[in-house]
Each structure stands twice: as structure tokens, then as C-alpha cells.
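Below: the structure, in C-alpha cells.
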Amino acid sequence: MAIELTAEERAFLAAHPTVRVRINGDLPPFLFQDQGQVRGMSIDYLTLVLKRLNLTMEPVDIGGFAEVLKRLPTGDGMDLQPVTRPTPERAKEIGFTRPYLSFPVVIVTRTNADFVGSLDDLNGHVVAVEKAYWYTTELQRKYPGIELKIVDSSSQAIRAVAVGEADAYVGILAVAAWQMEKNGYTNLKIAAPSTLSGAEMGMGVRGDWPLLTSALDKALATITPEEHREIRRKWLPVKSEFGIAPRQVMLWGGLAAGGFLLFIAMLILANRRLIREIGRRRAAEQEVRASQAIALQMLNASTDACMLFDVDGTMRGFNDVFAKRLGVDPATILGSSLWSYFPPVNIEARKRAVAGVVASRAPVTLIDVRGGHHLSNTIFPLIGPDDRVRQVIVYSRDITEQVEAEARIQAHLAEIKRSNAELEQFAYIASHDLREPLRQIANFVALLERRFADQLNDEAREYISFAREGAKRLDNLMLDLLEYSRVGRGEQLAPVECEIVVAAALDNLAARIAETGAEIHIAPGLPTVLGAKTHLIHLFQNLIANALKYCSPERIPEVRLSFTIDGKVVTFSVADNGIGIDPVYHDRIFGIFQRLHGREEYEGTGIGLAICRRVVDQHGGRIWVDSVPGQGSTFHFTVSLATG
């Protein structure tokens, strides 16, 4: 029969008269070896089309089907795979002819097995399937409740069911029927059809030979219906008989109608309860399958790579992130070895880690550095109904950005620490060294006043008084600044008895307390805290001194020191009945050089509360104030309780 080829197609076929065909497949009745000869339906179809295109076949042996998918796109050792199912993923790299074989995917069980009407009935059962086939991946994704036993060939899968190693086989109808008849598996039956995608089988052609694909398509189109029927009759063991005479049908139907209808009625009545039970079971299983589908979608929505494998490393499940991260075809993952995805130097360490998780039955997290990426891998044991760990699941998160961000933060913290140390050193030196010329100024002003007292008028004496007061204020400012720079230097945090600290602060303020007639109330049983003794003395002293300074002229000053303990945190409170602070200034007062009143009203440098906050910060606590103007203020701060 003439085939209408384009000029390009004829030129291509003339330049490539021989086609390398992979013949060592094991998928009877499509393709198999028989007494050293390659046979099968696909070979018969291929022989027809090659003859019509005047092409010859050069048989080649290629490994498993996963190896075919790797080699065929570029023609690495082969040009044509006689039988394969096109998928969108495969079609990106491989050329496919029109389908010339079409069969449904069915369920095969043992004849004595419980009723199986669909794939839902196989949840919790072991199902044998071939490695790298499309329906294997589809089963894994749509029915995660089914435990897959992945083998290399259909003959191994069918045998696993026959000898009891698996509960069912899911595969192509023609393959199942051929295996059952040729191997004499009388204990097997085709139980039910599946809902999986059927076998629309075409020829796979190397991706860079599209002209061969189109020529094969045209040759396949010339195969006659009689040639199709002849090939099917030759290879398929299941046959159907047609042609019963209409008269016979009417005769048999008339005699048997009454008995048949009675039998059907009895069967319906006897099975009504079973039908209701099956309906309830179907509804429950539908809910389970919907939940499993949602769980699988959630897994694929994760940014972590997820993988499920047997304790020996055989892959049983994965999500899209895992396949994309490794850059592998999802169809080749199930049944492969997890260890093949690790660098050789890491394999033994990972095997020991998995063995440790299986033995301890406790999860473990390991950090992997691979190709410049930091991966946090958490390994979980899956404990089965028999209380044994047979499988392991791993969640692998790419934490590269987090690690790099932490490294940048640590570098910034080190720089800030160095800068703060330099600033503290500068403040200490500046405060100390500036006091020397300041003392000289004060001394010369005093000397000027004594030596020329009789020559100075009132205006000159006033100027000298201003200079003396300015020098005094500047000296106090230097002292406070020096004290501020000392906070956090020298002393290490250690257990400190607050009874001793507060007593020392009150001793330092004894003259001021007597001058104001203040009433000081200290709560009994002050705790022992973790702190620097000298700095804590200054903290309590500054807060009590502030209460005495900003007292109300209308009443005797009262200061109350109390505390509360919450776990390991102590909160101290210093309350007074002074003039109070407007809420808008509650944050501002803790800033350095911040004053709310003029020097004519209240003396001071505006550093005292800044020192308090710096001391509390150095102790890992916080400080704040509650106040009502005209009624008083309460300063609170926290420190850690000493333990042991």
C-alpha cells in the first residue's frame, strides 16, 4: 500500500535506512523474548510499518524502562522503543506515534480473595506493580492508602499475587490475561476494572528524529482492520464469540424468563443488606480517599522536600519538591534506592542515621551541606499496626537563606560590640581627662575671687559665681558621664543579697533623707538576685534619690520599696508621693541628658535615669514607670532571681 511521504521524510528515510530498536523488553504479549527470539504484538506492528517504509531493524539491548527514558531523547544507543505510553512529561523529550494498541488497566486478585470492586477496596493491602510505569505513579498519588510492591516486570508482579506475596496486581488487561494463561495461574482472576488511565500504547522515537515519527504515523494509518484483528487473534488469549441466532435467543428467553426473574428477585432480597453495607462502606472509603487526596495536596504545597521509603532505602513515596530538587523524572523514583541520590561519601553515615531512628523509634534532625545549600533533614519513624518500624519519612528543608542571614547577623553583632566597646572606652577616657582642666578652671576662679576680692564690684562677683557654678555643673556632668560609661564593665553577674545593696544605697543617701525628713519603707525579706553589686547599689540609690528630689512641697516625702517574684524573675517597685510625671514623658525620661525641669527648679544632669536603664539592660531586664501627675510615681524594674 502506497504511503504519501513528504520530500523531507523520504530524504530522511533514505539517509537512515536502519533503525536501532530496543528488543529486550519484558511486557508480554506486547514485547518479550521466546527461545532467543523477540516476539509480541508490538513486534508484529513494527515489522509491518518498517516493511512499508523500506526500513530495516537493528536490535539493541538497553536496560530497564527507566534507562530507556534516559537514553531515547538523544538517541543514546537506540532510536525506537516499540511500545510505550505517551505522557505530557515524556512528550517534552521523546517523539510518539499515534496509539496502535488500547487496553484498560484492571485489578487481578486470587480466586479465593474477598470481594474487590474497585481500587478503594485495596486500601491497606499490598499491590504489586511494575517499576517506572505511568499507573504506578498514578496509584501512588491517588491512593496513598495502598502499599505498593514495586518489581521490575509484569511476570514478577503476577507471580507475587499467585504465591501470596501481594494481595493484588494492577496492570494492563492484555498483559494480565496473557500471564495468567501462559503461566497456568488458575488461582488468579480479573476482579474488576480500575479507574486509572488506560493503556494507549504507541511507539517511542528519539526526540531529534521527528521525521521518523511522522513517517511511522503514516505507515500505522495504512494498517487495515483485518490486519489489526489478525494480530489480536494471534496474541490475546481471551476471545469472544458472536453470532447467536435471534430465534434461539427468543426460544431460550421464553423458557427461562420466569425462572430467571424469580432468581433475580430472590438474589436482590437476599443481598439487600449487603448492598446497604457496601453503600455505607463506599461512602466511608470515599471520605477516606478525599482526606488522603487533601493530605497529598498539602504535602505537595509544602516547600520542604518529603520522601517515604522502606528501612532498606527503597523509595515508596515523594512530593513534587523532592523530584524538582534532585532534577529527576518522577516516573523513575518509586522503587529506586534513596541512597543513589546521596554522594558516595555520605551514604554510610545516612544509613547509620536511619538505622538509629528505626532502633530508637525517635525522630532525628541532621544538617546537610550540599552544593552550597544547607539542608535541615528531619527523619521520622513510621510505626505500623504491628508496632514495628517498617518505613521512614524525611522532611528536608532548605535553610540556606536562614544560615546566611544568621551569619550576617553575627557579623553585624560583632561589629556593634566592637563599636560599643570603643565608644565606652572613649567616654571613660574623655570624662576622666576632661575633669583635670575643669578643676584648674575652678581653682583659678576661686583664686581670682580671693586675691582680688577688694577690687571686684558686684557685677564681677556675679560673673565669678556664674563661672564657679558652671564649672561645678560640668564636673557633675563629667562624673555622671563617667559613671554611665562604667556600667557593664568590670563586674560579672553573681548572686547579690538585696538587703545589703539597699542598705548601702540608704547609707549613701542618709544626709539627704535627714534633710527632707523622708519616710522610707522597705519590704521585708528582700531576695538574692543575679547581678553586679556596685551597679545595683547605684540603681537603687538613683531611684530613691529621684523620689527625694522630686517631692511635693505640700507633704512629707514617702518612699516605698517592694518586690514580687514570678518564677525566676523579680520585679522591684520604688514608689513615691512626689510631683509625678506626665504620661507623655514616660519614655523620654530614660534618655541621656533628658530633663523635664529647669536647673533653677531641680539640680541634676539628666543622666541618672539613663544610668538606671543601662544598669537594668545589662542585667537582662527592663525598666518602666507608672505615674499620676500631682500624686506620685512608681518605677519598676526586673532582674533575675539567683538560683542554687
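Because the structure is a prediction, the values reported are computed rather than measured.
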Salt bridge (charged side-chain N to carboxylate O under 4.0 Å, His left out) between Asp61 and Arg22, worked out: CA-CA 6 Å; Asp61 289 343; Arg22 184 231 184 193; over 6 Å; no
Would you call Asp44 and Arg39 a salt bridge, using N to O less than 4.0 angstrom? no
Examine distances only and state if a side-chain atom of Asp121 and a backbone atom of Gly117 form a donor-acceptor pair shorter than 3.5 Å. yes
Write down the atom of His374, the atom of Val369, and the distance for their closest heavy-atom approach. ND1-CG2, 3.5 Å
Taking the six-membered ring where the residue is Trp, are the ring centres of Phe12 and Trp209 under 6.0 Å apart? yes
How about Leu338 and Thr314: do any of their side-chain heavy atoms sit closer than 4.5 Å? no
Could you tell me whether the side chain of Ile333 reaches within less than 4.5 Å of the side chain of Tyr341, counting heavy atoms only? yes
Determine whether a donor-acceptor pair (N or O, by modelled atom type, separation under 3.5 Å) exists between the side chain of Asp304 and the backbone of Cys306. no
For Tyr185 and Thr111, which I'm curious about, is there any donor-acceptor pair between the side chains at under 3.5 Å? no
Stepwise side chain to side chain contact (heavy atoms under 4.5 Å, CB included) test for Val354 and Phe309: CA-CA 11 Å; Val354 170; Phe309 54 91; 4.2 Å; yes
Check: Gln37/Gln33 side-chain N/O donor and acceptor closer than 3.5 Å: no
Test log, rule side chain to side chain donor-acceptor pair (under 3.5 Å), inputs Tyr45 and Thr97: CA-CA 12 Å; Tyr45 275 103; Thr97 68; over 6 Å; no
Could you walk me through whether Met78 and Val21 pass side chain to side chain contact (heavy atoms under 4.5 Å, CB included), step by step? CA-CA 6 Å; Met78 63 181 298; Val21 180; over 6 Å; no
Is Lys218 salt-bridged to Glu9, going by a charged N under 4.0 Å from an acidic O? yes
Any sub-3.5 Å donor-acceptor pair from Asp76's side-chain atoms to Arg71's backbone N or O? no
How far apart are the closest heavy atoms of Gly77 and Ile62, and which atoms are they? O-CD1, 4.1 Å
Show your reasoning for whether side chain to side chain contact (heavy atoms under 4.5 Å, CB included) applies to Leu55 and Val49. CA-CA 9 Å; Leu55 297 176; Val49 296; over 6 Å; no
For a 4.5 angstrom cut-off between non-hydrogen side-chain atoms, does Ile23 reach Val60? no
Find the distance between CD (Gln81) and CE (Met201) and round it off to the nearest 0.5 Å. 8.5 Å
For a quick test of reading the model, state the closest non-hydrogen atom pair linking Phe380 to Thr378 and the distance between them. CE1-CG2, 3.1 Å
Assess, by modelled atom type and distance only, whether the side chains of Asn377 and Ser396 contain a donor and an acceptor separated by less than 3.5 Å. yes
A side-chain contact here means heavy atoms from C-beta on lying under 4.5 Å apart; do Arg206 and Leu80 qualify? no
Is it the case that the side chains of Asp398 and Thr400 hold a donor-acceptor pair, with the cut-off being a distance below 3.5 Å and no angle test? yes
A side-chain contact here means heavy atoms from C-beta on lying under 4.5 Å apart; do His228 and Leu101 qualify? no
Using every non-hydrogen atom in the two residues, find where Gly198 and Trp134 come nearest and quote the distance to one decimal. O-CZ2, 3.7 Å
Looking only at the side chains, is there a donor atom on one of Thr224 and Glu227 sitting less than 3.5 Å from an acceptor on the other? yes
Return the minimal non-hydrogen interatomic distance between Phe65 and Arg90, and the atom names on each side. CE2-NH2, 3.5 Å
Minimum-distance pair of heavy atoms, taken over all atoms of Leu13 and Leu5: CD1-CD1, 3.7 Å
Does one side chain, of Thr222 or Arg52, offer a donor that lies under 3.5 Å from an acceptor on the other? yes
CA sep, side-chain torsions, deciding dist, call: Lys234, Glu230, salt bridge (charged side-chain N to carboxylate O under 4.0 Å, His left out): CA-CA 6 Å; Lys234 176 180 178 182; Glu230 181 61 30; over 6 Å; no
Donor-acceptor side-chain pairing of Thr136 and Glu130 below 3.5 angstrom: no
CA sep, side-chain torsions, deciding dist, call: Phe30, Phe103, ring pair (Phe, Tyr, Trp, His ring centres under 6.0 Å): CA-CA 11 Å; Phe30 302 143; Phe103 294 96; 5.8 Å; yes
Using the salt bridge (charged side-chain N to carboxylate O under 4.0 Å, His left out) rule, take Glu89 and Lys92 through it: C-alpha gap first, then chi angles, then the decisive distance, then the call. CA-CA 6 Å; Glu89 188 67 26; Lys92 294 177 182 178; 3.4 Å; yes
Between CD on residue Gln179 and OG on residue Ser154, distance to nearest 0.5 Å: 4.5 Å
Find the distance between CG (Asn187) and CE (Met180) and round it off to the nearest 0.5 Å. 9.0 Å
Is the closest side-chain heavy-atom distance between Pro28 and Lys182 below 4.5 Å? no
Modelled atom types, side-chain donor and acceptor of Ser194 and Tyr135, under 3.5 Å: no
Are Arg361 and Asp387 within salt-bridge range, i.e. N to O under 4.0 Å? yes
Euclidean distance, Met307 CE relative to Ile379 CD1, rounded to 0.5 Å: 9.5 Å
Can you tell me if Tyr100 and Glu200 form a side-chain donor-acceptor pair at under 3.5 Å? no
Does the side chain of Ile190 reach to within under 4.5 Å of the side chain of Leu173, using non-hydrogen atoms? yes
Looking at Arg325 and Asp320, is there a salt bridge between them, counting it only when a charged N and a carboxylate O are closer than 4.0 Å? no
Evaluate side chain to side chain contact (heavy atoms under 4.5 Å, CB included) for Val151 paired with Lys131, printing each intermediate quantity in order. CA-CA 6 Å; Val151 297; Lys131 181 189 299 184; over 6 Å; no
Is there a side-chain contact between Met203 and Val83 (heavy atoms, below 4.5 Å)? no
Are the charged groups of Arg233 and Glu226 less than 4.0 angstrom apart, N to O? yes
Exactly one of Val126, Val161, Asp167, Val127 clears side-chain contact (heavy atoms from CB on, under 4.5 Å) with Lys149, and that residue is Val126
Working to the nearest 0.5 angstrom, can you tell me the gap between Gln156 CD and Glu165 CD? 10.0 Å
Look up atom CE in Met41 and atom CD1 in Ile43, then write down how far apart they are to the nearest 0.5 Å. 12.0 Å
For the pair Asn319 (side chain) and Ala305 (backbone), establish whether a donor and an acceptor sit closer than 3.5 Å, ignoring hydrogens and angles. no
